[in-house]
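Below: the structure, in structure tokens.
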Amino acid sequence: MNGLFEKIKYNKPFKKSDIIVIILLILILLAVFLALSSHRQGEYAYIYSQNKLIKVMPLDTDDEFIFNYDSSNKNIITVSGGKISVTYSDCKDKICVSHAPVSTAGSSIICLPHSLFIIIRGEAEIDAVVYTAYE
Amino acid sequence: MNSINTKKMASLSVITALALIMFMVESFLPPLLIFAPGTKIGLANIFVFLALIIYGKKEAFIVLIIKCALGAVFSGNIFSLYYSLPAGVTSLLLAIVLFKFIYDKIGIITISVFCALLHNIIQIIMAALLAATPQILSYIPLASAAGIIAGIITGLSIYFIVKYLPSKLFIF
């Protein structure tokens, strides 16, 4: 773009305004994190696929749930010691498996290739949802 | 300006190749935020920026689209195009607008940070749309944090590349 190369070459990489803007952005993000963060131990893990609730797992009992994405692809979701994790997945990126086990309310694990979403909730919302488990 | 001559074509090919090499190298690096798998610095985007700075909009779009297409082929994951293309195109458009209107007031780092932020947010939105799982949107704060760090790193890299590489290499 016209003259941009020279401008960048001879200008400073950041001015005062950059530092202000970046610090502002970081402060906004910190505020969002503080507002959302919670260290409350969660009680239930809600497992969604394609935005449909498929299973609710209580975190206080060790258990295992096999989620069949389709006939040949699955995830194994394990509750152990009050924490939930994905212990096996045959998806491509394995991001869900490498995710550390979660237990605090609001934290989540995701498996994009299988449209799988696991979120921890604190309150016992279990009465309010239709409990449909495909097992 | 509007025609692509041979030297420029060769130079653009080298930039695209560098972008792809960085894309491949990056796939071996640990995530940018260790606790958040999948977050990346986006080293390949340095070269899309470079094409924009050295040559212009059209050339930057060429590098971006080839980078996304071949990146999807090399990583063996064609579906990654659904994320990388919308995110790449919108952030490149943002970069063009920011360079045009507010580059006098802010530096390259901030522009890079804004683009990385938009890039990550668009990727999250695409993921939420494609997986039909709106809960994915709750990853936006984390993706934004990664975006700010990534933007600072890529912005500084672009600055040092432009500052220390002799302009003879690119400008004929």
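Remember, predicted model here, so these are calculated numbers, not experimental data.
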Donor-acceptor contact present, side-chain A:Ser98 to main-chain A:Lys94, <3.5 Å: yes
Side-chain donor-acceptor pair present, A:Ser108, B:Tyr139, cut-off under 3.5 Å: yes
Min side-chain heavy-atom separation A:Met57-A:Ile77 under 4.5 Å: yes
pair B:Phe99-B:Phe49: side-chain heavy atoms closer than 4.5 Å: yes
Side chain, backbone, both or neither of A:Ile22 within contact of chain B (heavy atoms, under 4.5 Å): side chain
Donor-acceptor pair, side chain of A:Lys83 and main chain of A:Leu59, under 3.5 angstrom: no
Under 4.5 Å from any heavy atom of chain A - which part of B:Phe160: neither
Interface residue of largest heavy-atom contact number with chain B, from A:Val32, A:Ile110, A:Val21, under 4.5 Å: A:Ile110
Mutual orientation of the aromatic rings belonging to A:Tyr44 and A:Tyr46 [parallel < 30°, tilted 30-60°, perpendicular > 60°]: perpendicular
Residue part contacting chain A, namely of B:Leu165, when any heavy atom lies under 4.5 Å: backbone
Option that, when pairs with chain B are counted at under 4.5 Å, heavy atom only, ranks first among A:Leu25, A:Leu116, A:Ile19: A:Leu25
Toward chain A, the part of B:Ser112 with a non-hydrogen atom under 4.5 Å: neither
Interface moiety of A:Ile20 toward chain B, non-hydrogen atoms closer than 4.5 Å: neither
Best-contacting candidate, B:Gly155, B:Ser144, B:Gly151, against chain A by heavy atom pairs under 4.5 angstrom: B:Ser144
Residue part contacting chain B, namely of A:Lys16, when any heavy atom lies under 4.5 Å: neither
Side chain A:Ser85, main chain A:Thr87, donor-acceptor under 3.5 Å: no
A:Asn68 (side chain) donor-acceptor with A:Asp70 (main chain) under 3.5 angstrom: no
Check: B:Ala143 main-chain N/O paired with B:Asn120 side-chain donor or acceptor under 3.5 Å: yes
A:Lys9 side chain vs B:Lys163 backbone, donor-acceptor pair below 3.5 Å: yes
Per-residue contact mode, A:Ile118 against chain B (heavy atom under 4.5 angstrom): neither
Contacting moiety of B:Lys105, where chain A heavy atoms sit under 4.5 Å: backbone
Any side-chain heavy-atom pair of B:Phe61 and B:Val89 under 4.5 Å: yes
Side chain B:Asn5, main chain B:Lys8, donor-acceptor under 3.5 Å: yes
Interchain contact, B:Ile148 with chain A, by part (heavy-atom threshold 4.5 Å): side chain
Segment of A:Ile95 engaging chain B (4.5 angstrom heavy-atom cut-off): both
Option that, when pairs with chain A are counted at under 4.5 Å, heavy atom only, ranks first among B:Ile152, B:Ile111, B:Ile109: B:Ile109
Side-chain heavy atoms of A:Ile66 within contact of A:Tyr88, under 4.5 Å: no
Contacting moiety of B:Val162, where chain A heavy atoms sit under 4.5 Å: both
Engaged part of B:Ile158 at the chain A interface, taking heavy atoms whose separation is under 4.5 Å: neither
Contact origin within B:Ile161 toward chain A - heavy atom pairs under 4.5 Å: neither
Polar side-chain atom of A:Asp18 near backbone of B:Ile108 as donor-acceptor pair, under 3.5 Å: no
Contact listing (chain A partner; residues 20-31 of chain B; heavy atom under 4.5 Å): none
A:His114 and A:Phe67 aromatic ring geometry - parallel, tilted or perpendicular at 30°/60° bounds: tilted
Proximal component of B:Phe79, with respect to chain A [non-hydrogen, under 4.5 Å]: neither
